[in-house]
Amino acid sequence: MFEQEKDTAKKVSKVKKERFINEDEYSPEDLKELSKLYADSFREFKEGEIVTGKIVGINADNVVVDVGFKSDGSISKAEFNSTDEIKIGESVEIVIESVEDEDGNLILSKKRADFLRIWGRIMDSFENEKILPGKILKRIKGGMVVDLMGIEAFLPGSQIDIRPVRDFDAFVGQTMDFKIVKVNVPTENIVVSHKVLIEETISDQRKEILDKLEKGQILEGTVKAITDFGVFIDLGGVDGLVHITDLSWGRINHPSEVVKLDEKIKVVVTDFEMERKRISLSLKQLLPHPWEKIEDKLKIGDKVSGRVVSLTDYGAFIEIEKGIEGLIHISEMSWTQHISHPSQFVSMGQVVEAVVLSLDKNEKKISLGMKQLTPDPWSDLLKKYPVGSQHQGIARNLTNFGVFVELEPGIDGLVHISDLSWTKKIRHPGEVVKKGDKIDVVVLGVDTDSRKISLGHKQINENPWENFEKEYAVGKKAEGKIVRIIEKGLIAELSLGVDGFIPATQLSTSKIKNLSFCFPIGTKLEMKVVEFDKENKKIVLSALAALKEKSDEEIAQYIADFKLEKVSVADVKAADAGKFDSSDFNLYEDSKPQTQRESNRPAEEEKKEETK
């Protein structure tokens, strides 16, 4: 076709030259026809059109191609795949990129023609879902680059295989089959997938597995992925989950302790949802339950060792073997120490020894004890600390009701507040002893069952109330110094160091509005004993009774010195010194029932008081 067009163009050119030589030889009609022939000898070209041309010339860098246009075009040699394609007379497909550039040249491209030809095949494959081979060139962010018939396509990492890919570099250089899943025509981007081909291949296999699936069925699969909560198993196109609790009868921190990626394992189907294609699997149910023959392994009294796997407020769980755990309660950790949390005694991961205290196969519970590994010091405590024996200890804790004294490490006794002094009314143990002080005590009682020792401090000395009974008999005079002011009267320290109580009604015949104003601490008074109670260790005093024996001038001086209002000498002389309400003394009596209650208080309550 090109040869014919060339010949025609030559004839027309020759006719045109002769026209200028002798144009009179042709009529106007002939000239018009000849011009039409000349114009028709050239094709009309559109930019972007693929045409076939012939190589008519070759120079150092370019190849000259005749495409039937009024001028020839040139193509860079770099656009040819090999030099064998560059020969005079060879036909070549090219694209008209520009009919005429700034210099009037025809711009051609073989590379663009090759791309459009392949692009047409790619679009055909995409529309008809054809499979194309391709070579993976390199790895990029998010996936791989694939050579698809000379055009680069993108292969997402998730579309390489049905299993998670762990080594992307291993695929570089491999030739694989792909299906085009997405084409962006404006940007000429292509997305391919190899995974869809695998899924199509195993779809029948997946359907067969799902159709035959039932609870209790044992299947073999490959560990596909490991997460914090479990393991995904590839059963041959269908994935199932083995939860972390179904991997082992014992405790594990992470599934990787039991299985590895790509490992082939057997599992049993425990549950499945056909609609959601969710399959629950178990590995441990294929293993014997560790509690099946527990009675052959453990007996009460056996000594065992295990690792601490859990700590709670009430104790520590020990893993004796996989799937078998026992509890050491905090009360079974030490014979002597008050343990409020197991972390005081053991730590996570620590290997400890213990004794089996009880075993319940039905409830799958084992009680263990650590203190049973050593002799119980309380069993021989009465021999070491007999009642009445004297010892020296250290004040470890002070409470509102007494002081805890450490006799030896782990052995504490309680000195009740009423047993701190024979003569003083102690409001708080801190008035007698400070924390950390050494203190002498006498053993008053030992309760081995509740593990309590009752101690006394005042019992170190003899009971002085035998002597007080003579010294402070009713009717005897006594001088005292005010040491404390309370709501219903005064506390005065007498000559022998014992405290006595002066009711407010025995200080004045009229009501005293402000005791601390009239009778400040440190004031000395002459009084008379109006009540002596040896059993309850109580001495009641009266200033009015002592005044009755004094002169009017001395009584008047008393009234003036202590600023008593609405009181006369006659009122004092007429006062009934023996009349007072015994309820005034409740705050100063040693209540034995209360003391008894405190001594019987459980160790846990005492511990709370210590904390406070």
Side-chain angles (χ1 to χ4, degrees), residues 166 223 225-233 241-263 265 267 281-377 409-410 603-604 607 610-611:
R166 285 175 282 279
V223 177
I226 298 175
T227 68
D228 290 338
F229 58 85
V231 179
F232 286 95
I233 307 298
L241 172 66
V242 182
H243 194 269
I244 188 171
T245 56
D246 286 309
L247 284 169
S248 170
W249 290 112
R251 291 179 187 244
I252 58 172
N253 296 318
H254 195 270
S256 57
E257 298 174 23
V258 180
V259 296
K260 296 179 181 179
L261 286 170
D262 299 323
E263 180 182 354
I265 60 172
V267 290
L281 306 170
S282 176
L283 177 65
K284 73 179 185 181
Q285 290 190 17
L286 294 177
L287 305 172
H289 196 293
W291 278 82
E292 283 181 2
K293 297 182 179 179
I294 189 69
E295 62 276 0
D296 297 336
K297 302 176 185 177
L298 296 174
K299 292 180 176 60
I300 293 174
D302 284 355
K303 182 179 175 181
V304 296
S305 65
R307 181 172 57 93
V308 178
V309 293
S310 177
L311 295 177
T312 68
D313 290 339
Y314 53 84
F317 285 92
I318 310 301
E319 186 180 58
I320 301 170
E321 63 178 70
K322 287 294 184 183
I324 299 179
E325 294 180 7
L327 171 66
I328 303 177
H329 194 269
I330 53 175
S331 63
E332 301 296 341
M333 290 185 172
S334 173
W335 290 114
T336 56
Q337 294 183 37
H338 294 291
I339 298 173
S340 57
H341 194 274
S343 58
Q344 297 173 231
F345 216 73
V346 296
S347 58
M348 284 291 293
Q350 180 183 350
V351 177
V352 299
E353 292 185 335
V355 173
V356 178
L357 304 180
S358 67
L359 192 153
D360 188 334
K361 183 178 180 180
N362 294 329
E363 295 292 329
K364 295 181 175 59
K365 290 181 179 180
I366 300 175
S367 295
L368 303 173
M370 293 179 70
K371 67 184 184 183
Q372 288 76 9
L373 295 169
T374 58
D376 183 1
E604 291 79 3
K607 188 63 180 178
E610 291 178 47
T611 305

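Quick note: residue numbers are just sequence positions, from 1.
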How many angstroms lie between atom CE of Met370 and atom CG of Leu357, to the nearest 0.5 angstrom? 12.0 Å
What is the distance from atom CD1 of Ile294 to atom NZ of Lys361, rounded to the nearest 0.5 Å? 8.5 Å
Separation between CD1 of Ile366 and CD1 of Ile320, rounded to the nearest 0.5 Å: 4.0 Å
Just to verify, what does Lys303 make a side-chain hydrogen bond (donor to acceptor under 3.5 Å, both in side chains) with, not counting sequence neighbours? Glu353
My understanding is that only residues two or more places apart in sequence, or in another chain, count here; which of them pass side-chain hydrogen bond (donor to acceptor under 3.5 Å, both in side chains) with Thr227? none
Flag the pair Lys322 / Pro290 as yes when at least one side-chain heavy-atom distance between them is below 4.5 Å, and no otherwise. no
Report yes or no: does Glu332 contribute a side-chain atom to a donor-acceptor pair with the main-chain N or O of His329 at less than 3.5 Å? no
What's the separation between atom CD1 in Ile233 and atom CG in Leu241, rounded to the nearest 0.5 Å? 8.5 Å
Where Val258 and Ser248 come nearest, the two heavy atoms and their spacing: CG2-CB, 4.5 Å
Nearest heavy-atom approach of Leu359 to Trp291 is CD2-CZ3, 4.4 Å
Who pairs with Trp249 by ring pair (Phe, Tyr, Trp, His ring centres under 6.0 Å), at least two apart in sequence or on another chain? His289
Atom pairs and distances, side-chain donor-acceptor, residues 281-288, under 3.5 Å, sequence neighbours left out:
unit_1, atom_1, unit_2, atom_2, d
Ser282, OG, Gln285, N, 3.3
Lys284, NZ, Thr245, O, 3.0

Distance, nearest 0.5 Å, that separates CD1 of Ile324 from NZ of Lys297: 4.0 Å
Exam field: side chain Lys364 to backbone Glu325, donor-acceptor pair closer than 3.5 Å: no
What one should report as the nearest heavy-atom pair of Ile265 and Val267 is CD1-CG1, 3.9 Å
Side-chain donor or acceptor of Lys371 paired with backbone N/O of Ser331 under 3.5 Å: yes
Listed partners of Ser358 passing side-chain hydrogen bond (donor to acceptor under 3.5 Å, both in side chains), at least two apart: Ser367
Atom pair CD1/CD1 of Ile328 and Ile330 - distance to nearest 0.5 Å: 12.5 Å
Heavy-atom closest contact (Leu261 atom, Ala225 atom, distance): CD2-CA, 3.9 Å
Per-pair distances, 0.1 Å, donor-acceptor, side chain in residues 306-314, under 3.5 Å, sequence neighbours excluded:
unit_1, atom_1, unit_2, atom_2, d
Arg307, NH2, Glu319, OE1, 3.1
Thr312, OG1, Tyr314, N, 3.3
Thr312, OG1, Gly315, N, 3.2
Thr312, OG1, Gly315, O, 3.1

Minimum heavy-atom distance Ile244-Pro255, with the two atoms named: CD1-CD, 3.8 Å
Where do His254 and Ile226 land on the side-chain contact (heavy atoms from CB on, under 4.5 Å) test, with the steps shown first? CA-CA 9 Å; His254 195 270; Ile226 298 175; 3.7 Å; yes
Indicate the atoms forming the closest heavy-atom contact of Phe345 with Ser334, along with that distance. CE1-CB, 4.1 Å
